[in-house]
Asks: 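Pasting a structure here, questions to come.
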Amino acid sequence: MSSLAFKPTAVPESPAGVPGAAPRLVDRYQRVVTYLRMSVTDRCDFRCVYCMSEDMQFVPRERLLTLEELALVGRVFCSLGVDKIRITGGEPLVRGNLMSLLRELRSLPGLRELVLTTNGSQLPRYAAELRRVGVRRLNISLDTLNPERFRRLSRTGELTRVLAGIDAALDAGFEKLKINSVILRGRNEDEVCDLLEFAGSRGMDISFIEEMPLGVIGDHDRAAVFFSSDETRSALERRFSLLPSPERSGGPSRYFRVRETGTLVGFISPHSHNFCGDCNRVRLTCEGRLLLCLGQEHSVDLRRVLREHPGDEEALRQAVQDSMDIKPKGHDFDLRGAPVLLRYMNLTGG
Ligand code: SAM
Ligand code: SF4
């Protein structure tokens with residue numbers, strides 16, 4: 001990517017009404033936003049049954065934010081106190097020239113953590129480079145250790161390729177690797193112990209995720225396959241000792257230390273445990289919509305701001321600050337009936 005075309009302006013000295021304090025993003029419920037999840041593409045080489053429909057229509061390219069626009073958004077958020085950015089998608093590693101964006105983000109003052117979520121398929125090619133550009137931690141999705149099941153759940157993925165990707169990530173020396181597993185009744189709930197064993201024996205943490213009702217997927221009735229985090233935890237406790245851990249991410253995860261492996265296991269439970277009270281995050285879709293809550297439609301169109309005021313950092317900063325007034329108190333996911341949210345997870349940036 002060429003050097004960026006935006007005109008940096010002075011970062012405001014302090015938030016309104018707080019002389020001398022560093023600028024921060026604070027919503028109406030006094031929650032401080034310090035974490036941005038940035039979807040860099042809606043495209044993916046997989047079609048996971050819980051994430052996409054089989055015949056997904058992707059966003060026309062001109063509606064995707066450019067790498068320069070993404071970098072500017074990252075810069076503005078960091079100037080407002082965000083210190084962690086997660087790159088996601090879609091599959092972030094299929095976005096052309098992603099490494100140049102990561103390099104730009106890595107150099108932002110105030111950014112403490114640059115992390116990425118991936119399906120692992122491109123890691124044999126990119127793991128070492130990701131580490132070199134300064135990505136410290138990776139989340140890698142893996143729902144099953146059975147090649148046929150893997151093909152059925154991902155529709156187009158190859159388990160061997162993802163396992164090779166995990167090996168490449170282990171070799172590259174990341175500070176931390178975590179497996180993400182979405183658990184569905186009748187599909188992979190009988191593998192929760194094996195998945196924990198797989199992760200733990202390699203020194204990796206693991207999070208088990210309850211399926212969320214985003215988008216019309218066609219493959220299954222989400223309510224019928226719902227497998228709660230409490231059920232996952234009971235299944236794990238037949239084989240492992242889970243010790244409550246104080247670890248918090250400001251998100252929907254609750255963590256336990258696994259006595260047998262020394263690693264962490266997390267449960268991401270938007271249905272069975274409310275996690276909104278200490279929410280510290282917002283999401284940017286690949287089209288530049290700033291979503292104030294994963295489970296609601298409250299959003300601000302940052303692409304419009306970016307394109308009506310090209311390179312104007314101040315206009316963008318104002319729009320981001322104003323967005324705090326519409327961050328909702330919480331989500332109300334419900335698996336029964338039609339999905340309330342028609343947007344898919346790959347658009348949203350899970
Ligand atoms: N393609 C990358 C991957 O799969 O890791 C990053 C994007 S993906 C949308 C991010 C995470 O969201 C993955 O761990 C995936 O399993 C999870 N996910 C996708 N659809 C979901 C859904 N409907 N409910 C819960 N988790 C979901
Ligand atoms: Fe692709 Fe990730 Fe969605 Fe699977 S969960 S289809 S890998 S974006």
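Values reported hereafter were calculated over all heavy atoms of this structure, with side chains retained and with hydrogens, waters and symmetry mates removed. Computed from a predicted model, the values in this text were never measured in an experiment.
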Asks: Applying side-chain contact (heavy atoms from CB on, under 4.5 Å), run through L196 and R239 and close with a yes or a no.
Replies: CA-CA 10 Å; L196 193 159; R239 204 156 118 195; over 6 Å; no
Asks: Testing the basics here: between G89 and S39, what is the closest heavy-atom pair and its distance to 0.1 Å?
Replies: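 Taking every non-hydrogen atom into account, CA-OG, 3.5 Å.
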Asks: Could you tell me if E91 and T118 have a donor-acceptor pair between their side chains, going purely by distance under 3.5 Å?
Replies: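 Side chains of T118 and E91: pair found under 3.5 Å.
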Asks: Is there a donor-acceptor contact under 3.5 Å from the side chain of R222 to the main chain of Y50?
Replies: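 Yes.
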Asks: For D205, is there an ion pair with R137 - N to carboxylate O distance below 4.0 angstrom?
Replies: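 Between D205 and R137 there is no salt bridge, as every charged N stays at least 4.0 Å from the carboxylate O atoms.
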Asks: Any donor-acceptor pair under 3.5 Å linking the side chain of R43 with the backbone of V59?
Replies: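 Side chain of R43 to backbone of V59: a pair is present.
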Asks: Measure the spacing between CZ of R37 and OG1 of T117 and express it to the nearest 0.5 Å.
Replies: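 It is 5.5 Å, given to the nearest 0.5 Å.
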Asks: State, yes or no, whether a side-chain contact exists between L65 and L302 at a heavy-atom distance under 4.5 Å.
Replies: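 Not touching, per the 4.5 Å side-chain cut-off.
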Asks: Please enumerate all residues that pass ring-ring contact (aromatic ring centres under 6.0 Å, His included) together with F46, with sequence neighbours excluded.
Replies: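 Scan of F46 (ring-ring contact (aromatic ring centres under 6.0 Å, His included), adjacent residues dropped) gives F150.
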Asks: Which ILVMFWY residues can you reach from V32 by hopping between side chains whose heavy atoms are under 4.5 Å apart?
Replies: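 Other cluster members: V26.
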Asks: Taking everything shown except R63 itself, do over 12 heavy atoms lie less than 6.0 Å from its CZ?
Replies: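 Yes, the 6.0 Å shell around CZ holds more than 12 heavy atoms from other groups.
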Asks: Would a distance-only check, ignoring hydrogens and angles, find a side-chain to backbone donor-acceptor pair under 3.5 Å from R187 to R149?
Replies: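 Not at all, since once roles are kept as given, no pair shorter than 3.5 Å links the two residues.
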Asks: Step by step, would you call E313 with V76 a side-chain contact (heavy atoms from CB on, under 4.5 Å)?
Replies: CA-CA 7 Å; E313 204 171 312; V76 160; 3.5 Å; yes
Asks: Of all heavy-atom pairs between A168 and L123, which one has the smallest distance, and what is that distance?
Replies: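 Looking at all heavy atoms of both residues, the shortest contact is CB-O, 3.7 Å.
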Asks: With clusters defined by side-chain heavy atoms of hydrophobic residues (ILVMFWY) lying less than 4.5 Å apart, directly or transitively, does L101 cluster with L290?
Replies: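 Shared cluster, yes.
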Asks: Start with the C-alpha gap between L70 and L284, add the side-chain angles, then the distance that decides, and say whether side-chain contact (heavy atoms from CB on, under 4.5 Å) holds.
Replies: CA-CA 9 Å; L70 289 165; L284 182 74; 3.8 Å; yes
Asks: Quick one: are V73 and L316 in side-chain contact, heavy atoms under 4.5 Å?
Replies: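 Of all side-chain heavy-atom pairs linking L316 with V73, at least one is under 4.5 Å.
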Asks: Looking at R254 and I268, would you say the former's side chain and the latter's main chain have a donor-acceptor pair under 3.5 Å?
Replies: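 No.
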Asks: Would you say T232 and E189 are linked by a side-chain donor-acceptor pair, where the criterion is simply a distance under 3.5 Å?
Replies: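 The criterion, which ignores hydrogens and geometry beyond distance, is not satisfied for T232 and E189.
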Asks: Is it possible for you to say whether L67 and V94 belong to one hydrophobic cluster, with membership spreading through side-chain heavy-atom contacts below 4.5 Å?
Replies: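 L67 does not cluster with V94.
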Asks: Answer yes or no: is there a side-chain heavy-atom contact under 4.5 Å between K178 and S207?
Replies: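 Result yes, sub-4.5 Å side-chain heavy-atom pair found.
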Asks: Ignoring hydrogens and angles, tell me if any N or O in the side chain of R136 forms a donor-acceptor pair with the backbone of V115 under 3.5 Å.
Replies: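 No; judged by distance alone, with no hydrogens or angles, the pair does not exist.
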Asks: First locate atom CZ of R95, then atom CD1 of I87, and finally report the distance between them rounded to the nearest 0.5 Å.
Replies: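 The CD1 atom of I87 is 10.5 Å from CZ of R95, to the nearest 0.5 Å.
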Asks: Search all heavy atoms of V33 against all heavy atoms of V82 and return the closest pair with its distance.
Replies: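 Shortest heavy-atom separation between V33 and V82 comes out as O-CG2, 3.9 Å.
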Asks: If the threshold is 4.0 Å, N to carboxylate O, is there a salt bridge linking E69 and R307?
Replies: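 Salt bridge between E69 and R307, a charged N being under 4.0 Å from a carboxylate O: yes.
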Asks: Atom CG of L64 and atom CD of E287: how far apart are they, to the nearest 0.5 Å?
Replies: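 Result: 7.0 Å between the selected atoms.
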Asks: Name all residues meeting the ring-ring contact (aromatic ring centres under 6.0 Å, His included) criterion together with F198; count only those two or more places apart in sequence or in a different chain, and write none if there are none.
Replies: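 With neighbours one apart ignored, the set is empty.
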Asks: Considering only heavy atoms from C-beta outward, does the side chain of R257 approach that of L242 to under 4.5 Å?
Replies: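 No, their side chains stay 4.5 Å or more apart.
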Asks: Kindly give the heavy-atom pair with the smallest separation between P328 and H298, and that separation in Å.
Replies: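 Residues P328 and H298, closest heavy atoms: CG-ND1, 3.5 Å.
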Asks: Roughly how far apart are S141 OG and I209 CD1, rounded to 0.5 Å?
Replies: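 The CD1 atom of I209 is 6.5 Å from OG of S141, to the nearest 0.5 Å.
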Asks: Only one of T263, L138, D143, L142 forms a side-chain contact (heavy atoms from CB on, under 4.5 Å) with I179, so which one is it?
Replies: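 Going through the options one by one, the only one that passes is L142.
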Asks: For the residue pair I326 and S299, what are the closest heavy atoms and their distance?
Replies: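 Result for this residue pair: CD1-O, 3.7 Å.
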Asks: If we ignore hydrogens and angles and just use 3.5 Å, is the side chain of E129 paired with the main-chain N or O of Y126 as donor and acceptor?
Replies: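 No, E129 side chain to Y126 backbone: no donor-acceptor pair under 3.5 Å.
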Asks: Using atom types as modelled and distance alone, determine if a side-chain donor or acceptor of E210 lies under 3.5 Å from a backbone N or O of S229.
Replies: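 Judged by distance alone, yes, a pair lies under 3.5 Å.
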Asks: Examine distances only and state if a side-chain atom of S181 and a backbone atom of I183 form a donor-acceptor pair shorter than 3.5 Å.
Replies: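 No; zero donor-acceptor contacts below 3.5 Å.
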Asks: Report yes if the distance between the aromatic ring centroids of F256 and F267 is under 6.0 Å, otherwise no.
Replies: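 Ring-ring flag for F256/F267: true, centres closer than 6.0 Å.
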Asks: Hey, could you give me the CG/CZ distance between L25 and R31, rounded to the nearest 0.5 Å?
Replies: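 Between atom CG of L25 and atom CZ of R31 there are 12.5 Å.
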Asks: Strictly distance-based, threshold 3.5 Å: is any side-chain N or O of S269 a donor or acceptor partner for the main-chain N or O of S228?
Replies: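 Such a contact is absent between S269 side chain and S228 backbone.
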Asks: Using a strict cut-off of less than 4.0 Å between a Lys/Arg side-chain nitrogen and an Asp/Glu carboxylate oxygen, indicate whether R317 and E314 qualify as a salt bridge.
Replies: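 Answer for the salt bridge query: yes.
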Asks: Is R155 reaching over with its side chain to a backbone N or O of R47, donor-acceptor style, under 3.5 angstrom?
Replies: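 At least one qualifying donor-acceptor pair exists.
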Asks: Report the distance from atom CG of N188 to atom CG of D190, rounding to the nearest 0.5 Å.
Replies: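 One finds 7.5 Å between CG of N188 and CG of D190.
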Asks: Test side-chain contact (heavy atoms from CB on, under 4.5 Å) on L80 and Q321; report intermediate values, then the result.
Replies: CA-CA 8 Å; L80 290 168; Q321 271 174 322; 3.4 Å; yes
Asks: Salt bridge (charged side-chain N to carboxylate O under 4.0 Å, His left out) for K329 and D27? Distances and angles first, verdict last.
Replies: CA-CA 9 Å; K329 193 166 183 191; D27 75 0; over 6 Å; no
Asks: So which heavy atom on E191 is nearest to which on L145, and how close?
Replies: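 Shortest heavy-atom contact: OE1-N, 2.8 Å.
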Asks: Does a side chain donor of either S121 or N119 reach within less than 3.5 Å of an acceptor in the other side chain?
Replies: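 Judged by distance alone, the side chains do pair up.
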